[in-house]
S.K.: 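Okay, handing you the structure first.
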Amino acid sequence: MTSTLTPQPVDRAEPARTGAVPRRRTRVLALPEARWAAAATVFFLLALPLQLTGAPAWAWGPLYALSYVTGGWEPGWEGLKALKERTLDVDLLMVVAALGAASIGQVMDGALLIVIFATSGALEALATARTADSVRGLLDLAPATATRLTPDGGEQTVPVEELAVGDTVLVRPGERVGADGRVLDGASDVDQATITGEPLPAAKEPGDEVFAGTLNGTGALRVRVERDASDSVIARIVRMVEEASETKAPTQLFIEKVEQRYSLGMVAATLAVFLVPLAFGEQLTDALLRAMTFMIVASPCAVVLATMPPLLSAIANAGRHGVLVKSAVVMERLGQVDAVALDKTGTLTEGSPRVTDVRPLPGSGLDEAELLTLAAAAERPSEHPLARAVVDAARERGLDLPGAEDFTSAPGVGVTAVVNGRGVAVGAPARLLDGTGSTVTAVAGELEESGRTAVLVLVDGAPAGLLGIADRLRPDAAATVAALTTLTGTAPTLLTGDNPRAAAHLAAEAGLDDVRAGLLPQDKLTAVQEMERAGRKVLVVGDGVNDAPALAAAHTGIAMGRAGSDLALETADAVIVRDELAAVPATVALSRRARRLVVQNLVIAGVFIAGLVVWDLAGNLPLPLGVAGHEGSTVLVGLNGLRLLREGAWQRAAAEGRA
């Protein structure tokens, strides 16, 4: 195992996120949509108490007017531009409905509709901006400059954009690799979490491939450049995320799918209700009143509000249980998924290596505690992830670690130290032994066959025992896999950058049959696209930069929040904030309950609208009664949707996911 020669203190209580993308954050108020929505909300909140306390209309009327203007001018303008191109969309229809409500005295109702609409647009703009921030921030992983070696042995510091295929670059300890290439000379451990998502550094020696943006360990490497900067794996991840986000089929709420026909039909019907009676001699005032009543009772406001409360209630309930669902559209889509693809490290597993086996060798004279004490004492000065795992295991067992002297580290080999007067070496069996030791080879092979990383401990030059280290399966992983299988009717697929042997072992523990290992980000994206082309609506669950293209391309993406990269968190449609994997099937089940309530509400709203419209056309529906019926149906479906706010709704969804 490798270590820096001058060890720095490590906070073991809060390990750094491996390969985290530098954060670039668009401020909320930097977006014009957010500023207009905030202004509309402020004016509304100023006007509402004045109206409710009986203040004169001149006190609150102008404030409501300002709320209409600040919140409604932008969607209204977009609606007019759409109308110019012979398209009638819900933006203009909502503004007209709000103005119609104001024209018959329902000023507060119209202003509330404007505020809700403006806030929704602001949230959508913010989500788009934050995703763009994370994509741009991903480019910061690759260094701006690299050390190019000249033919005469000199060094030049050049921008990475100037590197050409065939150049040789020097990557010093602790530096990020400047370009995709192949190692010519040197040995080191390279942290490739940004590309493969795996927590353990990969040993690199001559002939091995390295990627731009990955972090070099303690050895120096000479690397021959094999790809231009514009074609590096990191650059391709950026392009894949952008392209997947742009080409992802736009998904709308159910009611928005029929908004165009409904809007055109309602406008045409309103004109007919006004013009036909007028043509047959009805008074202008009566015809106008009948048409206005028709427009109010046939307005889609009730239908839109019938759709939103169940979805928003489900979002709020999920949020209380540590699941951030970014929009009502996402909540609706979650209930449609019929296939699931899971990442391994940080998703099905805890994302950090742990000691799983302590195997003293016969004849060493050591028991498990003594072997682990010597290994941890020697490893304590090291910052290597495997070294931290060994030290953490010793501390978890309450072992007292003696001091280590003469600590040294060899990149790609391991560490040596003197502990209590005994020489201790800890590292890879193949590097510490010169092909001897059949017992060691057998135990190491057994550990590796079971998906562990084998670590050999030598004491005074003789093999004393081996440690098995692995990334542990989450306690709820197997139950989550079973629940997702029940919900979708198909067992999830495992997509991982880890080696096939470790992936197969973990998949067997979790109950997965379809395992695709050794995948780069583009391979994960291709796998998801193939499933989508087969007609599946795929839910991808991941946490790393390497998962971001698949998260963006999937029907729905969920990111694990505690250790997830910023790019994954922004690209995903939902985030499991508390890192509880069991929340995934519970959220899917909650979404399906919300969709069922949406259908119920649409039926209720449709019955009310149809009844009021028939009354207005066949009889003489008084305008106040029409408004009361319209608002009453809205209240009814709203209360029905709010049922999902109750704690029991989440518990039933969780139970449905476990069934």
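Quick caveat, the model's predicted, so the values are computed rather than measured.
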S.K.: Which residues pass the side-chain contact (heavy atoms from CB on, under 4.5 Å) test with Ala477, not counting sequence neighbours?
M.R.: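 side-chain contact (heavy atoms from CB on, under 4.5 Å) check on Ala477 returns Leu348, Leu473, Arg474, Leu581.
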
S.K.: What are the two closest non-hydrogen atoms of Thr150 and Glu155, and how far apart are they?
M.R.: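 Residues Thr150 and Glu155, closest heavy atoms: OG1-N, 4.3 Å.
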
S.K.: Output the distance between atom CG (Asp189) and atom CD (Glu205), rounded to the nearest 0.5 Å.
M.R.: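 One finds 10.5 Å between CG of Asp189 and CD of Glu205.
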
S.K.: Calculate, to the nearest 0.5 Å, the distance between atoms CG and CZ belonging to Leu467 and Arg452 respectively.
M.R.: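 So the CG of Leu467 and the CZ of Arg452 are separated by 12.5 Å.
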
S.K.: Within a strict 4.5 Å, meaning less than it, do heavy atoms of the Thr373 and Pro402 side chains meet?
M.R.: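 They are in side-chain contact.
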
S.K.: Of all the heavy-atom pairs spanning Gly174 and Leu215, show the shortest one and how long it is.
M.R.: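 So the minimum-distance heavy-atom pair works out to O-CD1, 3.4 Å.
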
S.K.: Look at the side chain of Lys204 and the backbone N and O of Glu209, then say whether any donor-acceptor pair between them is shorter than 3.5 Å.
M.R.: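 Yes; judged by distance alone, with no hydrogens or angles, the pair exists.
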
S.K.: Under 3.5 Å, is there a donor-acceptor pair between the side chain of Asp547 and the main chain of Ala550?
M.R.: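 Pair absent, no side-chain N/O of Asp547 close to backbone of Ala550.
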
S.K.: Give a yes or no on whether the backbone of Glu175 and the side-chain of Asn216 come within a donor-acceptor separation of less than 3.5 Å.
M.R.: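 Side chain of Asn216 to backbone of Glu175, a donor-acceptor pair under 3.5 Å: no, none is there.
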
S.K.: Got a donor-acceptor contact below 3.5 angstrom from the Arg359 side chain to the Gly465 backbone?
M.R.: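 Looks like no, no N/O pair under 3.5 Å.
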
S.K.: Can Arg380 and Val391 be said to form a side-chain contact (heavy atoms from CB on, under 4.5 Å), step by step?
M.R.: CA-CA 6 Å; Arg380 186 160 53 170; Val391 175; 4.2 Å; yes

S.K.: Give a yes or no on whether a salt bridge exists between Asp523 and Arg516, defined as a side-chain N under 4.0 angstrom from a carboxylate O.
M.R.: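 No, Asp523 and Arg516 are not salt-bridged.
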
S.K.: Quick one: which residue pairs count as a side-chain hydrogen bond (donor to acceptor under 3.5 Å, both in side chains) with a foot in residues 159-169, not counting sequence neighbours?
M.R.: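 The answer is Arg148-Asp167.
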
S.K.: Mind checking whether Asp367 and Pro360 have side chains closer than 4.5 Å, heavy atoms only?
M.R.: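 Sidechains of Pro360 and Asp367: no contact.
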
S.K.: Write down the atom of Gly219, the atom of Ser188, and the distance for their closest heavy-atom approach.
M.R.: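 In this case the closest contact between Gly219 and Ser188 is N-OG, 3.1 Å.
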
S.K.: Search all heavy atoms of Asp543 against all heavy atoms of Gly346 and return the closest pair with its distance.
M.R.: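 Looks like OD2-CA, 3.7 Å.
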
S.K.: From Thr556 OG1 over to Lys326 NZ, what is the distance, rounded to the nearest 0.5 angstrom?
M.R.: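 Answer for the OG1-NZ pair, Thr556 versus Lys326, is 12.5 Å.
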
S.K.: Are Val584 and Val340 close enough that some pair of their side-chain heavy atoms sits under 4.5 Å apart?
M.R.: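 Counting from C-beta outward, Val584 and Val340 never come under 4.5 Å.
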
S.K.: From Leu399 CG over to Glu368 CD, what is the distance, rounded to the nearest 0.5 angstrom?
M.R.: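 So the CG of Leu399 and the CD of Glu368 are separated by 10.5 Å.
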
S.K.: Arg422: which residues meet the side-chain contact (heavy atoms from CB on, under 4.5 Å) condition with it, sequence neighbours left out?
M.R.: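 Counting only residues at least two positions away or on another chain, Arg422 forms a side-chain contact (heavy atoms from CB on, under 4.5 Å) with Leu366, Leu374, Val459, Asp460.
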
S.K.: Which residues pass the side-chain contact (heavy atoms from CB on, under 4.5 Å) test with Ala404, sequence neighbours left out?
M.R.: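 Here the qualifying residues are Ala417, Val419.
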
S.K.: Where is the tightest heavy-atom contact between Leu466 and Ala454, given as atom of each residue plus distance?
M.R.: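 Between these two residues, the closest heavy atoms are CD2-CB, 4.3 Å.
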
S.K.: What verdict does the side-chain contact (heavy atoms from CB on, under 4.5 Å) test give for Asp573 and Val325, after you've listed the backbone C-alpha separation in whole Å, the side-chain angles of each residue and the deciding distance to 0.1 Å?
M.R.: CA-CA 7 Å; Asp573 301 300; Val325 180; over 6 Å; no

S.K.: So do the side chains of Lys524 and Asp343 get within less than 4.5 Å of each other, counting heavy atoms only?
M.R.: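 They are in side-chain contact.
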
S.K.: So Val177 and Leu221, do their side chains get closer than 4.5 Å, heavy atoms only?
M.R.: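 They are not in side-chain contact.
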
S.K.: Given Thr214, which partner from the list Val190, Asp191, Val171 fulfils the side chain to side chain contact (heavy atoms under 4.5 Å, CB included) test?
M.R.: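 Going through the options one by one, the only one that passes is Val190.
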
S.K.: Between Thr356 and Gly468 (side chain of the first, backbone of the second, donor and acceptor by atom type, cut-off under 3.5 Å), is there such a pair?
M.R.: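 Such a contact is found between Thr356 side chain and Gly468 backbone.
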
S.K.: Considering all heavy atoms of both residues, which atom of Leu342 and which atom of Pro492 are nearest to each other, and what is their separation?
M.R.: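 It is CD1-CB, 3.8 Å.
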
S.K.: Go through the structure and list residues passing side-chain hydrogen bond (donor to acceptor under 3.5 Å, both in side chains) with Thr349, not counting sequence neighbours.
M.R.: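 Expected list: Asp471.
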
S.K.: Would you say Thr453 and Pro353 make side-chain contact, with heavy atoms under 4.5 Å?
M.R.: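 Not in contact.
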
S.K.: Measuring only between side-chain heavy atoms, which start at C-beta, is Val169 closer than 4.5 Å to Arg222?
M.R.: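 Contact flag for Val169/Arg222 side chains = no.
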
S.K.: Enter the distance from Leu512:CG to Leu494:CG here, rounded to the nearest 0.5 Å.
M.R.: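 With rounding to 0.5 Å, CG (Leu512) is 6.0 Å from CG (Leu494).
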
S.K.: Residues in ring pair (Phe, Tyr, Trp, His ring centres under 6.0 Å) with His321, at least two apart?
M.R.: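 Only Trp650 meet the ring pair (Phe, Tyr, Trp, His ring centres under 6.0 Å) criterion with His321.
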
S.K.: Do Thr480 and Pro585 have side chains that approach each other closer than 4.5 Å (heavy atoms only, starting at C-beta)?
M.R.: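 They are in side-chain contact.
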
S.K.: Would you call Asp392-Arg354 a salt bridge at under 4.0 Å N-O?
M.R.: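 No, no charged N to carboxylate O under 4.0 Å.
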
S.K.: To the nearest 0.5 Å, what is the distance between OG1 on Thr157 and CG on Leu170?
M.R.: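 If we round to the nearest 0.5 Å, Thr157:OG1 and Leu170:CG are 10.0 Å apart.
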
S.K.: Given Thr347, which partner from the list Thr496, Val541, Ile558 fulfils the side chain to side chain contact (heavy atoms under 4.5 Å, CB included) test?
M.R.: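 With Thr347 as partner, side chain to side chain contact (heavy atoms under 4.5 Å, CB included) holds for just one option, Val541.
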
